[in-house]
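No experiment lies behind these values; they were computed from the predicted model shown. What's counted below: heavy atoms across the whole structure, side chains too, no hydrogens, waters or symmetry copies. For this chain, numbers begin at 1 and follow the sequence in order.
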Amino acid sequence: MSRSPRSPLLLAGLLATAGVAHFATPRSFDATIPRALPGEPRTWTYASGVLELALAAGLALPKTRRTAALASAAFFVGVFPANVKMAVDWRHRPAPQKAAALGRLPLQIPLVLWARSVAKNEEGRA
């Protein structure tokens with residue numbers, strides 16, 4: 001990904017937007033929570049939203065950027081099962097929705113790489 005100084009802020013914006021969306025439209029996120037997780041889906045939805053907002057804040061601050069970027073990479077890996085569940089659940093939906101759900105799966109790779117790139121660019125800047 002880009003080594004632009006804006007890159008961490010763009011990633012922070014993406015995470016902040018997703019975090020806000022978890023609170024604005026929680027029902028759509030509840031449906032992606034794997035049933036194997038304990039507790040209520042809404043709890044996981046809100047926890048994920050809080051984590052995304054915290055990661056965004058961490059990315060926005062140079063002092064915490066590297067740690068937040070590494071945590072963001074791990075987060076993107078961690079939410080992959082929810083994206084798989086969505087793709088499976090949406091397999092009988094109309095083609096555009098099915099394509100969107102399937103398209104989210106490989107999208108995790110560039111997100112992980114982007115977050116790792118941000119972390120790497122912060123090495124030695126402490």
Practice item. Dump the intermediate steps for side-chain contact (heavy atoms from CB on, under 4.5 Å) on M86 and L105, then the final yes or no. Key: CA-CA 10 Å; M86 182 180 181; L105 299 177; over 6 Å; no

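Taking each heavy atom of A69 and A119 in turn, the nearest pair found is CB-N, 3.5 Å.
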Which side-chain N or O atoms in residues 48-59 pair as donor and acceptor under 3.5 Å with protein atoms at least two apart or in another chain?
residue: S48; atom: OG; partner: H22; partner atom: NE2; Å: 3.4
residue: E52; atom: OE1; partner: G19; partner atom: N; Å: 3.4
residue: E52; atom: OE1; partner: H22; partner atom: ND1; Å: 3.0

What donor-acceptor contacts under 3.5 angstrom involve side-chain atoms of residues 87-102, with partners at least two apart or in another chain?
residue: D89; atom: OD2; partner: K85; partner atom: NZ; Å: 2.6
residue: R91; atom: NH1; partner: V88; partner atom: O; Å: 2.5
residue: K98; atom: NZ; partner: R91; partner atom: O; Å: 3.4

In residues 70-84, what donor-acceptor pairs under 3.5 Å come from side-chain atoms, sequence neighbours left out?
residue: S72; atom: OG; partner: A68; partner atom: O; Å: 2.7
residue: N83; atom: OD1; partner: R104; partner atom: NE; Å: 3.2
residue: N83; atom: OD1; partner: R104; partner atom: NH2; Å: 2.7
residue: N83; atom: ND2; partner: Q108; partner atom: OE1; Å: 2.9

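We find the CD1-CH2 distance between I33 and W44 to be 8.0 Å, quoted to the nearest 0.5 Å.
Two residues are said to be in side-chain contact when any heavy atoms from C-beta on lie closer than 4.5 Å; S117 and L113 fail this criterion.
A distance-only check finds a donor-acceptor pair linking the side chain of T25 to the backbone of A21 [under 3.5 Å].
Every residue two or more places apart in sequence or in another chain that forms a side-chain contact (heavy atoms from CB on, under 4.5 Å) with L107 is listed here: P110, L111.
Among pairs with a residue in residues 70-79, none fulfils salt bridge (charged side-chain N to carboxylate O under 4.0 Å, His left out), at least two apart in sequence or across chains. Within the structure, salt bridge (charged side-chain N to carboxylate O under 4.0 Å, His left out) contacts touching residues 36-47 (residues at least two apart or in different chains) are D30-R42.
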